[in-house]
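Along the sequence shown, residues are numbered consecutively beginning with 1. What you are looking at is a predicted structure, and each value in this text was computed from that prediction instead of being measured.
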Amino acid sequence: MQALPDGEAELSLVVRLPWEDVARLGQEAGRLAAQMKRPVTLDEAVSHRLRSTRPAASHARPAGEQPAAVTAGGGVTSLPRISTTA
């Protein structure tokens with residue numbers, strides 16, 4: 001994880017995707033490149049997709065509230081609940 005100057009953080013991870021999802025990301029990158037009138041990487045297309053499919057949060061979620069996970073196809077699924085015992 002790396003802190004960025006704009007107050008956000010960057011997290012690097014490895015994700016295994018089917019070629020169909022990679023192709024869709026390529027199409028997304030092409031649409032984004034046409035809008036921005038410059039080349040766009042797949043990383044940038046993924047970041048844009050993730051930012052556009054979730055509401056912006058200015059603070060952490062309250063305890064007990066479950067976040068949503070975004071799938072490569074753009075759908076939203078709920079994450080499994082993590083139980084904690086003290």
Examine [X] and [Y] and state if one hydrophobic cluster contains both, with Ile, Leu, Val, Met, Phe, Trp and Tyr joined whenever side-chain heavy atoms are less than 4.5 Å apart.
{"X": "V22", "Y": "L50", "result": "yes"}
{"X": "M1", "Y": "V46", "result": "yes"}
{"X": "L42", "Y": "L11", "result": "yes"}

| field | Residue pair E44 / L32: nearest heavy atoms and the distance that separates them | value |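 The pair with the smallest heavy-atom distance is O-CD2, 4.2 Å.
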
| field | Closest non-hydrogen atom pair between V40 and A45, with its separation | value |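 Smallest interatomic distance, heavy atoms only, reads CG1-N, 4.0 Å.
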
| query | Between S52 and H48, is there a donor-acceptor pair closer than 3.5 Å when you use the side chain of the first and the backbone of the second? | reply |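 Judged by distance alone, yes, a pair lies under 3.5 Å.
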
| message | Quick check for you: to the nearest 0.5 Å, what is the distance between Q2 atom CD and E10 atom CD? | response |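 Answer for the CD-CD pair, Q2 versus E10, is 5.5 Å.
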
